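Quick notes on the structure that follows.
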Amino acid sequence: MNVMYFAWVRERIGLPQEEVQTEAVTVADLVAELTAREDRYAAAFADTSALRVALDQELSDFDAPLAGVREVAFFPPMTGG
Amino acid sequence: MNVMYFAWVRERIGLPQEEVQTEAVTVADLVAELTAREDRYAAAFADTSALRVALDQELSDFDAPLAGVREVAFFPPMTGG
Amino acid sequence: MTVRVQAAAFDTGAELNAFVKDRTDVGAVVSFTGVVRDTDGTLHQMEIEHYPGMTERAIAEIVTQVQSRWALADVLVIHRHGILAVGAPIMMVATASAHRADAFAAADYLMDYLKSRAPFWKKETTADGTAWVAPKDEDEAALKRW
Amino acid sequence: MTVRVQAAAFDTGAELNAFVKDRTDVGAVVSFTGVVRDTDGTLHQMEIEHYPGMTERAIAEIVTQVQSRWALADVLVIHRHGILAVGAPIMMVATASAHRADAFAAADYLMDYLKSRAPFWKKETTADGTAWVAPKDEDEAALKRW
């Protein structure tokens, strides 16, 4: 599964994307798995209420299942316009 | 007093402005006076609810007094923009 | 504030660019352009009559209102009179502000008031002759929003 | 419908003119331009990050929404990414319609959704360093208007 990070999430984790092998059932499971890896992940995911997640380029939420998903992206609330 | 006509009021009366000597106290009095003059005035003022009036270039109404007014203008509702 | 009432055509894009040129305090710019629309392919031209003197006063008063109600860095109003071809810009407003809510509301308000409170009258010429454009009930109703 | 997501600068006025060139069915054109604003004279530059692929999808979805809600002849969205100088246009939207109410509402809605639902993130560089722009509560609240 391709996992992407944007804005300050990317800066905290230190990379824009990576291939992750995971058995995580939901987005929250994936976040827990990444958080357990290293401090930089824990720092990025410390407060998921300040984060957004997209599954295959559609906004989703942290309870969503990952079955069939190929691309997960984590980022702060958007500030376009 | 300078009396001005715009849009279809001007077309019905057949002139854009004229100097009127009048003792009319209110706009309504002036309208009655003009209406009595000739058919073309009567045609223009037949339905004053379809007309607007400005006194010295400020929107006003038909009950307004004419004392001190130098320029009266009659016209249909505006269609700018 | 810039208000221009003119017979000459104007270039909407050039006016919009000039409006905010070299400013660094403006985050949001809204423009509205009114264009001569040929509803059913029969319009030859539009003619706009106005009341010189009162027109400028009425527009200045409307602009003063929007400046007192919203935080605006600048306001532009251009309105043509005389004979206009199909597809030609009739008028434009532009508002510049730090934030978009002010710029949008001010432009919307300006249009509602210019439509029904500035002394302009539109006459359309079609194959059937000429006809003065009638005001719409919704235009008068729009003023009650503010 | 035209949607462009690009690093290159664009000319707001030229885009606005091209948007309605040679049309005779449009009576009302509204544009919004977002500009890099230097709030207190300390901004060096703005950098905009985006999510290629999702950005285009999200904008297309927002445009489809406005086209279903309002009667629009055309819609334009341009949004830059990369490094932008103070005073530079960040993005613009334009809406064309027969009547002004549709053009205004559609542009307003587009801006609310582009602000909070299209994957762009702004970072400001000042003398003090860089900082990601925080979303405003009012931006999320604005979505509830529709």
Side-chain angles (χ1 to χ4, degrees), chain C residues 11-43 46 73 85-101 103-105 107-112 114-115 122 136 138-139 141-142 145, chain D residues 11-43 46 73 85-101 103-105 107-112 114-115 122 136 138-139 141-142 145:
Chain C
D11 180 324
T12 308
E15 296 291 347
L16 184 60
N17 282 349
F19 179 59
V20 283
K21 192 173 186 306
D22 300 330
R23 292 199 79 131
T24 57
D25 59 334
V26 162
V29 183
V30 170
S31 79
F32 176 91
T33 311
V35 179
V36 179
R37 183 169 64 98
D38 186 8
T39 317
D40 49 10
T42 61
L43 188 67
M46 174 176 280
V86 170
I90 300 167
M91 53 83 65
M92 75 179 284
V93 304
T95 54
S97 183
H99 303 291
R100 76 185 187 287
F104 266 117
D108 204 359
Y109 180 104
L110 278 170
M111 286 311 305
D112 279 355
L114 288 171
K115 197 101 192 164
K122 295 193 180 103
K136 293 187 199 130
E138 68 202 55
D139 287 333
R145 295 192 292 152
Chain D
D11 180 324
T12 308
E15 296 291 347
L16 183 60
N17 282 350
F19 179 58
V20 283
K21 193 173 184 307
D22 299 328
R23 292 199 78 130
T24 58
D25 58 334
V26 162
V29 183
V30 169
S31 79
F32 175 92
T33 310
V35 179
V36 179
R37 183 169 65 98
D38 186 9
T39 317
D40 49 9
T42 61
L43 187 67
M46 173 177 281
V86 171
I90 300 167
M91 54 81 66
M92 76 178 284
V93 304
T95 54
S97 183
H99 304 291
R100 76 186 186 287
F104 266 118
D108 205 358
Y109 180 105
L110 277 171
M111 285 312 305
D112 279 356
L114 288 171
K115 198 100 191 163
K122 294 192 181 102
K136 293 185 200 134
E138 68 204 56
D139 287 332
R145 296 192 291 151

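Residue numbers start from 1 in every chain, and the chains themselves are labelled A, B, ... in the order their sequence lines are given, proteins ahead of strands. For clarity, every value in this text was computed on a predicted model and none was experimentally measured.
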Would you compute the distance between atom CG of D108(D) and atom CG of D108(C) and round it to the nearest 0.5 angstrom?
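D108(D) CG to D108(C) CG: 8.0 Å, rounded to 0.5 Å.
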Atom pair CG/OG1 of L16(D) and T12(C) - distance to nearest 0.5 Å:
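One gets 6.5 Å once the value is rounded to the nearest 0.5 Å.
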Residue K21(D) versus chain C: region with a heavy atom under 4.5 Å:
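Contact with chain C is absent: no heavy atom of K21(D) under 4.5 Å.
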A96(D) versus chain C, heavy atoms under 4.5 Å apart: side chain, backbone, both or neither?
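Contact with chain C: none, neither part.
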Can you tell me which portion of [X] sits under 4.5 Å from chain D's heavy atoms? Options are side chain, backbone, both or neither.
X	value
D25(C)	backbone
A94(C)	neither
A98(C)	both

Do you know which of [options] has the most heavy-atom pairs under 4.5 Å to chain D?
options	answer
D22(C), V20(C), T95(C), V30(C)	V30(C)
A101(C), G41(C), A107(C), A18(C)	A107(C)
V36(C), T24(C), L43(C)	T24(C)

Tabulate, in ascending numerical order, the residues of residues 86-93 of chain C having at least one heavy atom closer than 4.5 Å to a heavy atom of chain D, or enter 'none'.
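Checking residues 86-93 of chain C against chain D gives V86(C), G87(C).
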Write down the atom of V35(D), the atom of V29(C), and the distance for their closest heavy-atom approach.
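Between these two residues, the closest heavy atoms are CG2-CG2, 4.3 Å.
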Ion pair present between D112(C) and R100(D), side-chain N to carboxylate O less than 4.0 angstrom?
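Answer for the salt bridge query: yes.
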